[in-house]
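Hydrogens, waters and symmetry mates are skipped; everything else that's a heavy atom, side chains included, is used. Here is the naming used below: chain letters follow the sequence lines, and residue numbers restart at 1 for every chain.
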Amino acid sequence: MKEQVASLIESALKELVSAGTLPENHSSTVQLDRTRDKSHGDLASNVALTLAKSAGMPPRELAQLICAALPADSLVERTEIAGPGFINFFLSASSNQAIVAAVLQQAEHFGSSDAGKGRKVQVEYVSANPTGPLHVGHGRGAAVGDSLCRLLSATGWEVASEFYYNDAGAQIDNLALSVQARCKGLEPDDESWPEDGYRGEYIVDVARAYMAAEEVDAEDQHVAGAADADNLDEIRRFSVAYLRREQDLDLKAFGVHFDVYFLESSLYASGAVEEVVKTLQDNGHCFEQDGALWLRTTSFGDDKDRVMRKRDGGYTYFLPDVAYHLNKWQRGFERVINEQGADHHSTVTRVRAGLQALDQGIPGDWPDYVLHQMVTVMRDGEEVKLSKRAGSYLTLRDLIDEVGCDATRYFLVARGPSSQLTFDIDLALSQSNDNPVYYIQYAHARACSVMRKLAEQGWDWQQDRALQHLDQLSQEHEAALMRRLDRYPEVVASAAANSEPHTVATYLRELAADFHTWYNAHKMLVEDQPLRDARVALSLAVRQVIANGLGLLGVSAPQEM
RNA sequence: GGGGGUAUAGCUCAGUCGGAUAGAGCAACGGCCUUCUAAGCCGUGGGUCGAGGGUUCGAAUCCUUCUACCCCCGCCA
């Protein structure tokens with residue numbers, strides 16, 4: 001609808017050019033915005049303001065000429081010139097009502113587009129180390145990452161989600177040593193407790209299971225506890241599998257699914273890491289110092305050179321990271337989005353620098369990153385401290401159990417990733433209008449309830465018939481609701497393009513508010529059949545869009561509450 | 001010290017890549033349930049958009065300086 005009006009302006013401008021009012025080479029892209037204030041019409045354009053200079057006349061005067069040159073169209077009821085020279089477009093009622101038909105006809109596809117043109121995109125997220133349970137920060141990553149996948153998928157991308165398992169580094173040795181210590185009955189404060197060992201209570205559970213020879217199925221592996229406290233390799237194998245299973249269960253409870261679990265260890269097994277070292281050395285970007293092998297990342301915008309291979313011969317996490325991303329590139333992902341906590345910010349420059357040093361034609365700004373800021377959790381007005389070392393731990397599972405999957409997901413995805421997030425458990429728990437999740441879901445449930453009542457009354461409703469009567473939707477509340485519905489595809493497109501799922505949450509809050517207002521102001525199930533048909537159609541359209549939008553957030557749309 | 005992020009109502013946050021009188025929710029106060037779900041609606045109060053400067057028809061938004069808070073700056077990941 002917006003595009004159609006924009007093209008009207010384009011043709012008006014063309015006419016003014018041929019009339020000599022505007023120069024041939026006027027530089028303007030027609031900008032058309034939705035108005036905030038409905039007294040300014042539905043759409044407003046600032047073309048007259050931006051072109052006033054090149055036309056050599058006051059903006060308002062130019063605006064008049066543009067309006068006069070606009071081709072007649074049933075879409076636009078009238079135009080107005082306002083303020084310093086805005087052109088306000090008042091759209092006809094029928095053009096507004098057409099959105100209801102569009103929603104009902106496209107149903108679950110309404111809002112989708114083919115903007116991605118089937119191109120491949122990979123979203124990597126969570127990627128937690130298998131050294132402990134998932135905490136709230138991982139939850140934010142899971143909520144945002146999964147929603148990104150849904151958005152990209154809805155906008156025509158071929159999406160692959162991936163979880164990277166750091167199952168090969170020093171922290172895994174640390175995990176194995178910690179579990180071993182627990183197997184031997186040591187406590188974190190004992191003298192022989194491993195330095196920097198994981199102190200959490202969950203380590204006790206792992207040790208107990210290992211010593212009890214429990215069996216664990218995680219993804220593709222089946223591991224049985226060897227019950228031998230001296231066999232560190234078996235302890236490592238068992239511990240990783242055990243914690244991985246725990247994480248998988250958490251993610252499942254959170255409604256998050258990954259297409260690929262990529263193991264860091266596979267990069268060593270396949271020789272990919274060694275190959276990357278060789279390439280980097282051949283390209284002349286490496287040097288040795290203090291017995292370690294360095295990469296000159298400062299040549300690629302880093303503020304410091306980085307160690308690749310430590311003095312003890314082991315690799316830092318940096319090198320497998322580069323090998324991993326080379327692997328992604330070789331798999332054909334022209335677009336990759338890494339969703340991570342902002343504390344990993346420094347890896348961005350480093351990974352990109354490493355990829356540049358490989359000289360494989362990878363773009364300098366590849367891959368994309370979405371970094372989310374830290375999450376603090378409040379309960380009873382006090383911050384719940386999350387300390388991995390001390391082992392006092394609020395896990396994602398705890399949160400899901402306490403406030404439910406829907407509320408947890410909504411709260412974690414409803415804020416812009418770049419702002420710090422305060423998760424208020426009391427608010428998420430409250431079953432009142434304090435809680436925006438319920439507010440949106442309630443709007444959906446109400447619309448469903450109307451349909452049940454319709455059937456109880458013995459009235460029938462047919463879509464084809466109802467769409468004939470959309471002109472009955474003449475109330476201002478109805479017009480506002482339809483204008484809101486019309487915006488939805490733009491919201492989805494922009495949320496996907498800018499990796500901002502929270503804008504969908506904001507939109508749904510507003511849509512739900514419009515719906516509740518209308519619901520209270522006007523009755524849908526009236527005796528007058530054409531009016532009833534039309535209002536039920538609008539209600540169904542709202543229900544559809546709420547369901548579609550909640551779907552993009554991974555939140556359920558209940559039929560009743 | 002260097003890098004990144006944030007700063008908008010008492011609180012939690014939006015603000016459609018520069019548009020018109022800056023918006024929601026919560027909290028406070030006052031109304032609405034014999035009527036499709038009151039987990040709802042209507043109304044009132046509440047602001048120097050952290051501070052200064054700049055860019056222009058026009059700035060919460062862009063540039064710059066400063067201040068405060070968060071994160072990172074390891075041969076950990």
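For the pair A/Arg446 and A/Phe515, the cation-pi test (distance below 6.0 Å, angle within 45°) is failed. Because its NZ or CZ atom is not both nearer than 6.0 Å to the ring centre of A/Phe318 and within 45° of the ring axis, A/Arg306 does not count as a cation-pi partner of that residue. Seen from the ring of A/Tyr507, A/Arg487 does not count as a face-on cation partner, given the 6.0 Å and 45° thresholds.
Atom NE2 of A/His516 is separated from atom C1' of B/rA24 by 14 Å (rounded to the nearest Å). Between the P atom of B/rC36 and the CD atom of A/Gln529 lies a distance of 21 Å, rounded to the nearest Å. When the P atom of B/rG4 is taken as reference, atom CG of A/Asn338 falls 19 Å away, rounded to whole Å. For the pair A/Tyr439 OH and B/rU37 P, the interatomic distance rounds to 17 Å; values are reported in whole Å. Atom OH in A/Tyr410 sits about 13 Å away from atom P in B/rC13, given to the nearest Å. Spacing between atom CG of A/Leu421 and atom P of B/rC13 amounts to 7 Å, rounded to whole angstrom units. Rounded to an integer number of Å, the gap from NE2 of A/His444 to C1' of B/rU37 is 14 Å. Summarising the geometry, the separation between CG on A/Leu511 and P on B/rG23 is reported as 20 Å, rounded to the nearest angstrom.
In this structure, A/Met451 and A/Leu540 have side chains that are in contact, with non-hydrogen atoms separated by less than 4.5 Å.
Looking at heavy-atom distances under 4.0 Å, A/His372 makes no contact with the nucleic acid at all. Contacts of A/Glu560 with the nucleic acid, taken as non-hydrogen atoms under 4.0 Å apart, include base atoms. Residue-level contact check: A/Gly314 touches neither bases nor backbone, having no heavy atom under 4.0 Å from any strand.
Going from atom CD1 of A/Ile172 over to atom CG of A/Leu243 covers 8.5 Å, rounded to the nearest 0.5 Å. For the atom pair CG of A/Leu293 and CG of A/Asp290, the computed distance is 12.0 Å after rounding to the nearest 0.5 Å. Here the NZ-CG distance, from A/Lys310 to A/Leu319, works out to 11.5 Å after rounding to the nearest 0.5 Å. In this structure, the separation between CD on A/Glu264 and CG on A/Asn166 is 5.0 Å, given to the nearest 0.5 Å.
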Contact letters for nucleotides 15-22 of chain B, in which S counts primed atoms plus P, OP1 and OP2 and B counts the base, heavy atoms under 4.0 Å: SBB-BB--
Under 4.0 Å protein heavy-atom contact, by nucleotide of nucleotides 71-77 of chain B - B base, S sugar-phosphate only: SSSSBSB
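Annotated as syn: B/rC33, whose glycosidic dihedral is within 90° of 0.
Residues passing the side-chain hydrogen bond (donor to acceptor under 3.5 Å, both in side chains) test with A/Tyr324, sequence neighbours excluded: A/Glu162. For A/Asp343, there are no salt bridge (charged side-chain N to carboxylate O under 4.0 Å, His left out) partners at least two apart in sequence or on another chain. Residues satisfying the ring-ring contact (aromatic ring centres under 6.0 Å, His included) test with A/His477, not counting sequence neighbours, are A/His522. Applying the side-chain contact (heavy atoms from CB on, under 4.5 Å) criterion to A/Ser299, with sequence neighbours excluded, gives A/Arg296. Under the side-chain contact (heavy atoms from CB on, under 4.5 Å) criterion, A/Ala154 pairs with A/Ser112, A/Leu552, sequence neighbours left out. A/Tyr410 is linked by a ring-ring contact (aromatic ring centres under 6.0 Å, His included) to nothing, counting only residues two or more places apart in sequence or in another chain.
Salt-bridge formation is not detected for the pair A/Glu246/A/Arg244: no Lys NZ or Arg NE/NH1/NH2 atom is positioned less than 4.0 Å from an Asp or Glu carboxylate oxygen. A/Arg352 and A/Asp365 are not joined by a salt bridge, as no carboxylate oxygen comes within less than 4.0 angstrom of a charged side-chain nitrogen.
For residues 285-316 of chain A, every residue pair satisfying the ring-ring contact (aromatic ring centres under 6.0 Å, His included) rule, not counting sequence neighbours, is listed here: A/His285-A/Phe300, A/Phe287-A/Trp294.
Distance check on atom P: B/rA22 versus B/rG54 gives 23 Å, rounded to whole Å. Between B/rC76 and B/rC71, the distance separating the two P atoms is 23 Å to the nearest Å. Nucleotides B/rU8 and B/rG40 have their P atoms positioned 27 Å apart, rounded to a whole Å. B/rU21 sits 31 Å from B/rG5 when the P atoms are compared, rounded to a whole Å. With C1' as the reference atom, B/rG45 and B/rA9 are 11 Å apart, rounded to whole Å. To the nearest whole angstrom, the two C1' atoms, one in B/rU65 and one in B/rU55, are 15 Å apart. Spacing of P atoms, B/rG58 relative to B/rU67, comes out at 30 Å, to the nearest Å. B/rG23 and B/rG46 have their P atoms separated by 14 Å, given to the nearest Å.
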Working for salt bridge (charged side-chain N to carboxylate O under 4.0 Å, His left out), residues A/Arg34 and A/Asp486: CA-CA 11 Å; A/Arg34 289 177 192 282; A/Asp486 188 45; 3.4 Å; yes
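Considering only side-chain N and O atoms, A/Ser419 lies nowhere under 4.0 angstrom from the phosphate OP1 or OP2 of B/rU12.
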Paired and unpaired positions of RNA chain B as dot-bracket, Watson-Crick or G-U wobble under 3.5 Å, | denoting a partner strand: (((((((..((((.....[...)))).(((((.......))))).....(((((..]....))))))))))))....
Polar atom pairs between nucleotides 29-35 of chain B and protein, under 3.5 Å, N or O only, would you list them?
{"unit_1": "B/rU35", "atom_1": "O2'", "unit_2": "A/Lys523", "atom_2": "NZ", "d": "2.9"}

Considering only nitrogen or oxygen atoms on both sides, find all protein atoms under 3.5 Å from nucleotides 42-44 of chain B and state each distance.
{"unit_1": "B/rC42", "atom_1": "OP1", "unit_2": "A/Thr517", "atom_2": "OG1", "d": "3.1"}

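Out of B/rU37, B/rC70, B/rC13, the shortest distance to the side chain of A/Arg452 is found at B/rU37.
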